[in-house]
Amino acid sequence: MADQLISTADHDTLPGNYVRPEAQRPRLADVLSDASIPVVDLANPDRAKLVSQVGAACRSHGFFQVLNHGVPVELTLSVLAVAHDFFRLPAEEKAKLYSDDPAKKIRLSTSFNVRKETVHNWRDYLRLHCYPLHRYLPDWPSNPPSFREIISTYCKEVRELGFRLYGAISESLGLEQDYIKKVLGEQEQHMAVNFYPKCPEPELTFGLPAHTDPNALTILLMDQQVAGLQVLKEGRWIAVNPQPNALVINIGDQLQALSNGRYKSVWHRAIVNSDKARMSVASFLCPCNDVLIGPAQKLITDGSPAVYRNYTYDEYYKKFWSRNLDQEHCLELFRTTPTDTS
């Protein structure tokens with residue numbers, strides 16, 4: 001099955017099962033390349049201003065970049081380097097980790113969900129469960145030799161950053177600083193090490209099509225040399241050009257539900273290019289499976305009734321994986337009243 005990986009060979013033409021129907025293609029010429037994405041300096045000593053900036057970014061974009069985030073620059077560079085080294089391994093070495101079963105905790109796979117898709121995405125990825133580390137670390141790749149040490153150190157740093165961001169997001173909603181962390185329980189943590197090889201016909205396919213993230217918060221380490229992330233803003237796709245040494249933060253579906261729809265889990269996608277391969281490392285903070293999720297009670301008023309019903313993360317995640325990535329927003333299935341489509 002590992003012969004499905006696209007990182008094991010160079011490609012002169014795009015295989016037919018990666019070609020999107022014309023109406024679903026990325027239309028790269030229409031993308032806004034110079035739009036500004038909010039940037040938040042987490043070293044700002046003015047807490048009220050920092051919280052206000054985080055809240056404004058969550059409302060307006062659902063995406064923002066953070067500077068002075070506390071994750072050492074040397075570590076982020078090492079993470080990208082060892083990720084590249086992993087995908088350069090011989091095919092037979094990578095084949096040991098290959099699986100197309102979404103339920104597997106540690107697996108190397110391709111596209112998104114090859115069991116269900118009719119058109120594939122130009123991406124290979126290594127999916128890792130990261131918390132608690134002692135449970136999963138022994139099953140992580142042992143090659144390259146430094147992989148486990150570098151990635152596990154990064155996982156711990158990113159988890160702490162995520163919890164600090166939860167505090168600012170909670171405050172920006174008028175909630176207690178520890179509200180989100182407490183209500184989401186002893187959270188799981190996953191990572192996707194994404195590799196997008198050079199693509200012979202990038203206009204015809206995606207690295208990942210438009211989607212929202214099913215988790216609570218995503219922290220993305222982007223390739224500083226090769227852009228590829230795009231977000232939907234007011235009906236237009238805008239390119240996210242990475243700031244030096246920044247990390248990209250995006251609101252996941254669970255924070256949209258918890259905020260009663262005030263903060264949006266924004267549609268985003270990954271495009272590919274014909275000149276260079278691209279790497280990204282996405283870290284996901286996820287609620288416990290049995291935690292009950294819904295709008296914070298403080299955000300439900302007579303003028304702002306609950307937009308979503310309560311549900312468990314397990315129920316949500318199963319629905320998310322049972323569908324295609326680019327179908328309607330999965331949260332629509334959990335609304336208290338159906339969306340008016342007339």
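- Note: the hydrophobic cluster containing L50 also contains L161 (ILVMFWY, side chain heavy atoms under 4.5 Å, direct or indirect links).
- Note on ring orientation: taking the six-membered ring where Trp is involved, the planes of F87 and F195 are parallel (angle under 30°, cut-offs 30° and 60°).
- The backbone N or O of V71 lies less than 3.5 Å from a partner atom in the side chain of H69, making a donor-acceptor pair.
- Inspection of the R148 and N143 side chains reveals no N or O donor paired with an N or O acceptor under 3.5 Å.
- Residue-environment remark: CG (D10) stays at or below the threshold of 12 foreign heavy atoms within 6.0 Å.
- With R123 contributing its side chain and S111 its backbone, the two residues share a donor-acceptor pair below 3.5 Å.
- Each of D213, V158, I219, L220 was checked for a side chain to side chain contact (heavy atoms under 4.5 Å, CB included) with F284, and the lone residue meeting it is D213.
- More than 12 heavy atoms of other residues, nucleotides or ligands shown are found within 6.0 angstrom of CD on E201.
- Between the side chains of H211 and R269, not a single donor N or O lies within less than 3.5 Å of an accepting N or O.
- Distance alone, capped at 3.5 Å, places no donor-acceptor pair between the T205 side chain and the P202 backbone.
- A cation-pi arrangement is absent between R59 and Y263, since the terminal nitrogen or guanidinium carbon is not both under 6.0 Å from the aromatic centre and inside a 45° cone about the axis.
- H129 places no side-chain N or O within 3.5 Å of a backbone atom of E188 that could act as its donor or acceptor partner.
- The cationic group of K181 does not satisfy the cation-pi geometry with Y166, failing either the under 6.0 Å distance to the six-membered ring centre or the 45° limit from the ring axis.
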Worksheet item: Is there a side chain to side chain donor-acceptor pair (under 3.5 Å) between S280 and N194 once you walk through the steps?
Response: CA-CA 5 Å; S280 73; N194 301 308; 3.2 Å; yes
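- The backbone N or O of E74 sits less than 3.5 Å from a side-chain atom of S78, completing a donor-acceptor pair.
- No donor-acceptor distance shorter than 3.5 angstrom exists from the side chain of S304 to the backbone of T301, with no hydrogens or angles considered.
- There is a path of hydrophobic side-chain contacts, each under 4.5 Å, that joins I106 to L137.
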Item to complete: Evaluate the criterion side-chain contact (heavy atoms from CB on, under 4.5 Å) for residue pair F163 and Q187; output intermediate values, then yes/no.
Response: CA-CA 10 Å; F163 290 155; Q187 287 156 79; 3.6 Å; yes
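- Judged by distance alone, with hydrogens and angles left aside, the side-chain atoms of D124 form a donor-acceptor pair with the main-chain N or O of I6 at under 3.5 Å.
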Worksheet item: When you look at F64 and V39, which way does the side-chain contact (heavy atoms from CB on, under 4.5 Å) test go after all the steps?
Response: CA-CA 6 Å; F64 54 100; V39 178; over 6 Å; no
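- For the 3.5 Å distance criterion, the side chains of T212 and D253 qualify, holding a donor opposite an acceptor.
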Item to complete: Would you please test K94 and S7 for side-chain contact (heavy atoms from CB on, under 4.5 Å) and show each step?
Response: CA-CA 10 Å; K94 290 187 286 190; S7 58; 3.1 Å; yes
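- Relative orientation of the Y316 and Y313 rings is parallel, given thresholds of 30° and 60° on the angle between their planes.
- In this structure, the side chain of N273 engages the main chain of D275 through a donor-acceptor pair within 3.5 Å.
- Cluster annotation: V51 and V40 are assigned to distinct hydrophobic clusters (Ile/Leu/Val/Met/Phe/Trp/Tyr, side-chain heavy-atom contacts under 4.5 Å, transitive).
- Taking the centre of each ring, Y18 and W122 come in below the 6.0 Å mark.
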Practice prompt. Output, in order, the C-alpha distance, side-chain angles, deciding distance and verdict of salt bridge (Lys or Arg N to Asp or Glu O under 4.0 Å) for E203 and R27.
Written response: CA-CA 7 Å; E203 288 275 3; R27 296 187 177 137; over 6 Å; no
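- When only modelled atom types and interatomic distance are considered, Q177 and E171 share a side-chain donor-acceptor pair under 3.5 Å.
- The aromatic rings of Y311 and F334 sit tilted relative to each other, their planes meeting at an angle between 30° and 60°.
- Under a 4.0 Å N-O distance rule, the pair R309/E315 qualifies as a salt bridge.
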